[in-house]
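Heads up, the thing below is written out as structure tokens.
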Amino acid sequence: MQLLYVRYLAARPVDEIQCVAQTRQRRRCTSTLLSPGALAGVWRLVPATAASGQLALPAAVMAVYDLSGVPYAEQLRWRAQRCLRHAAISTAADLAVADWEPFDPLRHHEHIYNRLPARARRPDPTGRTHQAVRP
């Protein structure tokens with residue numbers, strides 16, 4: 001994931017990242033960040049470069065969910081890990097810590113995928129559905 005010009009590793013797939021806010025029932029909100037009505041990022045293949053001072057991976061590319069094209073406020077909402085409803089309610093406390101970890105291509109090499117994920121479930125000719133591949 002790339003937001004605010006920094007790459008992060010999320011604890012779960014993009015479509016499953018859960019809001020960290022506390023509900024009125026004192027439970028964690030079950031809403032996800034990627035929801036209908038929210039501005040979405042785009043999947044891109046980008047070079048798997050390391051931070052300055054580190055060795056770079058040789059000619060590797062990786063799939064990244066890039067939020068650089070969405071407004072700054074939307075990137076802040078993702079960084080705070082809040083759903084649309086709780087982003088608007090500044091008095092709601094966080095019940096969990098945001099699951100972001102700065103991405104290091106050398107330490108997190110097992111999370112580097114060189115293909116863009118499938119976008120949706122696709123039915124096959126036999127009538128069964130295949131789950132989308134998610135990096």
Side-chain angles (χ1 to χ4, degrees):
M1 161 128 348
Q2 182 165 305
L3 61 122
L4 301 172
Y5 299 106
V6 177
R7 290 186 187 159
Y8 292 97
L9 181 63
R12 52 187 43 89
V14 171
D15 58 346
E16 295 177 12
I17 299 172
Q18 186 180 351
C19 178
V20 296
Q22 179 177 329
T23 65
R24 289 184 181 169
Q25 294 79 28
R26 300 193 182 271
R27 294 188 185 110
R28 183 173 176 176
C29 176
T30 58
S31 298
T32 58
L33 301 185
L34 187 62
S35 59
L39 294 172
V42 294
W43 283 100
R44 298 185 193 280
L45 286 177
V46 298
T49 56
S52 63
Q54 296 177 332
L55 296 173
L57 298 175
V61 294
M62 65 183 194
V64 170
Y65 189 72
D66 187 8
L67 289 160
S68 300
V70 300
Y72 180 70
E74 183 68 2
Q75 292 185 57
L76 288 177
R77 179 181 78 80
W78 276 78
R79 180 65 181 96
Q81 202 170 325
R82 287 182 161 243
C83 66
L84 289 173
R85 185 176 69 229
H86 286 111
I89 304 171
S90 60
T91 57
D94 287 349
L95 192 61
V97 177
D99 292 331
W100 306 117
E101 181 179 348
F103 182 78
D104 180 338
L106 300 175
R107 282 189 26 227
H108 302 122
H109 61 87
E110 69 274 8
H111 298 287
I112 295 177
Y113 296 90
N114 59 3
R115 289 185 183 173
L116 296 175
R119 299 205 178 212
R121 293 177 182 226
R122 296 174 304 200
D124 74 2
T126 63
R128 295 186 307 245
T129 57
H130 296 282
Q131 267 201 320
V133 176
R134 290 181 242 144

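Predicted model only: the values in this text are computed from it and were never measured.
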Non-hydrogen atoms of [X] and [Y] that approach each other most closely:
{"X": "Arg28", "Y": "Ala96", "result": "NH1-CB, 3.7 Å"}
{"X": "Trp100", "Y": "Ala10", "result": "CZ3-CB, 3.5 Å"}
{"X": "Leu34", "Y": "Ala40", "result": "CD1-CB, 4.2 Å"}
{"X": "Val61", "Y": "Ile112", "result": "O-CG2, 3.9 Å"}
{"X": "Tyr65", "Y": "Gly41", "result": "OH-N, 2.8 Å"}

Short side-chain to backbone donor-acceptor contact, Arg77 and Leu33, under 3.5 Å: yes
I'd like to know if the side chain of Gln75 and the backbone of Leu4 have a donor-acceptor N/O pair within less than 3.5 Å. yes
Quick check: is Tyr5 connected to Leu76 through a chain of hydrophobic side chains (ILVMFWY, heavy atoms under 4.5 Å apart)? no
Check whether Leu39 and Tyr8 end up in the same hydrophobic cluster, where Ile, Leu, Val, Met, Phe, Trp and Tyr are linked by side-chain heavy atoms less than 4.5 Å apart. yes
Under a 4.5 Å cut-off applied to non-hydrogen side-chain atoms, are [X] and [Y] in contact?
{"X": "Val6", "Y": "Arg79", "value": "no"}
{"X": "Leu67", "Y": "Glu74", "value": "no"}
{"X": "Cys29", "Y": "Arg85", "value": "yes"}
{"X": "Ile17", "Y": "Arg12", "value": "yes"}
{"X": "Gln2", "Y": "Phe103", "value": "no"}
{"X": "His86", "Y": "Val20", "value": "no"}

Distance (rounded to the nearest 0.5 Å) between [X] [atom1] and [Y] [atom2]:
{"X": "Arg82", "Y": "Ser31", "atom1": "CZ", "atom2": "OG", "answer": "12.0 Å"}
{"X": "Thr30", "Y": "Gln18", "atom1": "OG1", "atom2": "CD", "answer": "6.5 Å"}
{"X": "Arg26", "Y": "Leu95", "atom1": "CZ", "atom2": "CG", "answer": "10.0 Å"}

List the steps, then state whether side chain to side chain contact (heavy atoms under 4.5 Å, CB included) holds for Leu9 with Asp104. CA-CA 9 Å; Leu9 181 63; Asp104 180 338; over 6 Å; no
Derivation of the side chain to side chain contact (heavy atoms under 4.5 Å, CB included) call for Val70 and Trp78: CA-CA 11 Å; Val70 300; Trp78 276 78; 5.9 Å; no
Please determine whether side chain to side chain contact (heavy atoms under 4.5 Å, CB included) holds for the pair His108 and Met62, giving the CA-CA distance in whole Å, both sets of side-chain angles, and the decisive distance to 0.1 Å. CA-CA 12 Å; His108 302 122; Met62 65 183 194; over 6 Å; no
Would Leu45 and Leu116 count as a side chain to side chain contact (heavy atoms under 4.5 Å, CB included) here? Give the steps. CA-CA 7 Å; Leu45 286 177; Leu116 296 175; 3.9 Å; yes
